[in-house]
Amino acid sequence: LSSNTLSGRETVTQMQRSISGTATVAGVNGDFSAFADGRPSGIMMRGGQLESPPGGDRSSLGILPDGTLDIRRVAFVARWRGSGRTRVLHDLNQEPRENQISLYTSAWGAATPNVPGAAAAILFPFPWAVPGPDLVAPVVEVRQPVSSVPIPPGGAVLMARGAAAAALQAEAAVGTDVAVQLLLRPEWPGVADAIGGGPQLVRDGA
């Protein structure tokens, strides 16, 4: 990742220079990214932690601990639960649309984007964002309305707009334990790192 966060842009040459003192590397562009903020267009997983969700209509490249490569299409499904019922979590490290809610982790950067009128619940401490298990964290602060919200290192921010903001305020009060579940469908066991891509060009040798 450029700047070692999801938000930010660098050239491959700049990225290589930043680590050339400790390693000899070859670099190549991977995935596409949003020009405005540098966010990967597809999946980004490092050390088992999901930092950017996959694009379900595009191929993703997974890397197993032994170096085996596994290319497949996976989709992102997520949910959250506070003091009420289980609700849909619409995105990860991506600005929520109207009536939607997103989770920002510290992988995004120091603060969320500016989303005027949104509500936010700050979770701290927040577990390692691995796909599958419930990730439970207490709400330490609620802000509404907000623009940009600091993301504490080792913490996360739930940011919502419209009807989702009303649900967040009602069900994620300060002191409430919130459970977040990030899922890949189909499941992708054993993948330690992953990066997004595009159409798969070769399958089963053809």
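We're numbering straight along the sequence, starting at 1.
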Report task. Please report the closest heavy-atom contact between Leu168 and Leu158, naming both atoms and the distance. Result -> CD2-O, 3.6 Å

Query raised in the report: Do Leu1 and Met15 share a hydrophobic cluster (ILVMFWY, side-chain heavy atoms under 4.5 Å, transitive)?
Result: no

Report task. Identify whether Leu6 and Phe76 are in the same connected component of the hydrophobic contact network (ILVMFWY, side-chain heavy atoms under 4.5 Å). Result -> no

Query raised in the report: Do Arg58 and Asp31 come within less than 4.5 Å of each other through their side chains, counting heavy atoms only?
Result: no

Query - Asp193 side-chain N/O to Ile63 backbone N/O, donor-acceptor pair under 3.5 Å - result: no

Query - Donor-acceptor contact present, side-chain Ser52 to main-chain Gly42, <3.5 Å - result: yes

Requested in this report: Indicate, with yes or no, if Leu50 and Met44 share a hydrophobic cluster defined by side-chain heavy-atom contacts under 4.5 Å among Ile, Leu, Val, Met, Phe, Trp and Tyr.
Outcome: no

Query raised in the report: What pair of heavy atoms forms the shortest contact from Ala163 to Asn99, and how long is it?
Result: N-OD1, 2.8 Å

Requested in this report: Would you confirm whether Asp66, through its side chain, and Thr68, through its main-chain N or O, come within 3.5 Å as a donor-acceptor pair?
Outcome: yes

**Report entry** Beyond-backbone contact of Thr13 with Arg17, side-chain heavy atoms, under 4.5 angstrom
**Finding:** yes

Requested in this report: Measure from the side-chain N and O atoms of Ser2 to the backbone N and O of Gly8, and report whether any donor-acceptor pair falls under 3.5 Å.
Outcome: yes

**Report entry** Hydrophobic cluster identity match, Val157 and Val140, side-chain contacts under 4.5 Å
**Finding:** yes

Report task. Provide the closest heavy-atom pair for Thr176 versus Glu171 in the form atom of the first, atom of the second, distance. Result -> CG2-O, 3.8 Å

Query raised in the report: Is the shortest heavy-atom distance from the side chain of Asp37 to the side chain of Trp108 under 4.5 Å?
Result: yes

Query - Donor-acceptor pair, side chain of Gln181 and main chain of Asp134, under 3.5 angstrom - result: no

**Report entry** Check: His90 and Arg97 side chains under 4.5 Å, non-hydrogen atoms
**Finding:** no

Report task. Kindly give the heavy-atom pair with the smallest separation between Ser106 and Gly154, and that separation in Å. Result -> OG-N, 3.8 Å

Query raised in the report: Is a side-chain N or O of Ser59 found less than 3.5 angstrom from the main chain of Ile71, in a donor-acceptor match?
Result: no

Report summary line: Heavy-atom nearest pair, Pro150 first then Arg143, reads CD-NH1, 3.6 Å

Requested in this report: For the residue pair Ser3 and Glu10, establish whether any side-chain heavy-atom pair is separated by less than 4.5 Å.
Outcome: yes

Query raised in the report: For Leu123 and Ala137, which heavy atoms make the closest approach, and how far apart are they?
Result: CB-CB, 3.9 Å

Report task. Please lay out, stage by stage, how Leu89 and Leu182 fare under the test side-chain contact (heavy atoms from CB on, under 4.5 Å). Result -> CA-CA 9 Å; Leu89 178 65; Leu182 310 174; 3.9 Å; yes

**Report entry** Glu187, CD: over 12 other non-hydrogen atoms inside 6.0 angstrom
**Finding:** no

Query raised in the report: Are any non-hydrogen side-chain atoms of Trp80 and Leu103 less than 4.5 angstrom apart?
Result: no

**Report entry** Residue pair Phe124 / Glu141, side-chain heavy-atom distance below 4.5 Å
**Finding:** no

Query raised in the report: Of Leu92, Val180, Ile151, which is the lone residue that meets side-chain contact (heavy atoms from CB on, under 4.5 Å) with Thr105?
Result: Leu92

Requested in this report: Applying side-chain contact (heavy atoms from CB on, under 4.5 Å), run through Ser33 and Arg9 and close with a yes or a no.
Outcome: CA-CA 9 Å; Ser33 62; Arg9 294 186 294 129; 5.8 Å; no

Query raised in the report: Is a donor on one side and an acceptor on the other found under 3.5 Å between the side chain of Arg161 and the backbone of Glu95?
Result: no

Query raised in the report: Would Val149 and Tyr104 count as a side-chain contact (heavy atoms from CB on, under 4.5 Å) if you check the C-alpha gap in whole Å, the side-chain angles of each, and the deciding distance to 0.1 Å?
Result: CA-CA 10 Å; Val149 179; Tyr104 282 92; over 6 Å; no

Query raised in the report: Side chains of Met45 and Pro131: does their closest heavy-atom pair fall under 4.5 Å?
Result: yes

Query raised in the report: After noting the C-alpha distance and the side-chain angles of Gln100 and Asp91, does the key distance pass the side-chain contact (heavy atoms from CB on, under 4.5 Å) rule?
Result: CA-CA 8 Å; Gln100 292 190 351; Asp91 218 325; 6.0 Å; no

Query raised in the report: Same hydrophobic cluster for Val191 and Leu61, using side-chain heavy-atom links shorter than 4.5 Å among ILVMFWY?
Result: no

Report summary line: Interatomic distance, CD@Gln144 vs CE@Met159, rounded to 0.5 Å, equals 11.0 Å

